[in-house]
Amino acid sequence: VQSLTPSTTVEFTDLVLTVGANSYNLGNFTATAGSRNWYINDFDLSGGFTLTGKAVLTGVSSNEDNNRIDILIGRTP
């Protein structure tokens, strides 16, 4: 989650990662201006995956560029 203003919150709820025939309940994550990154490790996503759940953006900015959610897929450092 990038470019959060101090009053913006993004809540991810009921997150489920499905890889092949296996589903994993990832739970919930709340992103604020001070806590924006959440990592999911130890999954091989090269064969495809599905991520489902709800994302709620509150305290949005009048600047449309700040009202977005970026999900990055790849290896973490």
Side-chain angles (χ1 to χ4, degrees):
V1 178
Q2 299 293 326
S3 302
L4 290 178
T5 59
S7 62
T8 302
T9 299
V10 180
E11 292 181 81
F12 297 95
T13 60
D14 305 320
L15 290 172
V16 176
L17 175 66
T18 302
V19 181
N22 300 308
S23 293
Y24 306 92
N25 183 355
L26 302 178
N28 304 324
F29 172 71
T30 300
T32 62
S35 173
R36 302 184 301 183
N37 299 318
W38 185 49
Y39 298 98
I40 302 168
N41 298 314
D42 301 323
F43 289 100
D44 180 1
L45 305 178
S46 62
F49 68 96
T50 303
L51 181 63
T52 59
K54 298 177 185 175
V56 178
L57 182 63
T58 57
V60 296
S61 169
S62 60
N63 180 346
E64 290 181 13
D65 287 341
N66 288 337
N67 299 325
R68 73 176 193 266
I69 298 171
D70 296 332
I71 299 175
L72 306 175
I73 307 299
R75 294 189 182 269
T76 57

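A quick note: this is a predicted structure, and the numbers were derived from the prediction, not measured. In this chain, numbering begins with 1 at the start of the sequence shown.
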- Check ring-ring contact (aromatic ring centres under 6.0 Å, His included) between Phe43 and all other residues, then give those that pass, not counting sequence neighbours.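 Scan of Phe43 (ring-ring contact (aromatic ring centres under 6.0 Å, His included), adjacent residues dropped) gives Tyr24.
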- side chain to side chain contact (heavy atoms under 4.5 Å, CB included) with Thr50: which residues, sequence neighbours excluded?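 With neighbours one apart ignored, the set is Thr18, Thr52.
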- Message: With heavy-atom distances below 4.5 Å as the criterion, would you say the side chains of Val19 and Asp44 are in contact?
- Response: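 No - every pair of side-chain heavy atoms lies 4.5 Å or more apart.
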- Any residue meeting side-chain hydrogen bond (donor to acceptor under 3.5 Å, both in side chains) with Asn22, in chain and number order, not counting sequence neighbours: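 Asn22 satisfies side-chain hydrogen bond (donor to acceptor under 3.5 Å, both in side chains) with no other residue.
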- Query: When hydrophobic residues are tied together by side-chain contacts of less than 4.5 Å, even through go-betweens, does Val16 share a cluster with Phe12?
  - Reply: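 Val16 does not cluster with Phe12.
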- Query: CG/Asn25 to CG/Asp14 distance, rounded to the nearest 0.5 angstrom?
  - Reply: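 If we round to the nearest 0.5 Å, Asn25:CG and Asp14:CG are 8.0 Å apart.
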- Going from CD1 on Ile40 to CG on Leu17, what distance comes out if it is rounded to the nearest 0.5 angstrom?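 Interatomic distance, Ile40 CD1 to Leu17 CG, rounded to 0.5 Å: 5.5 Å.
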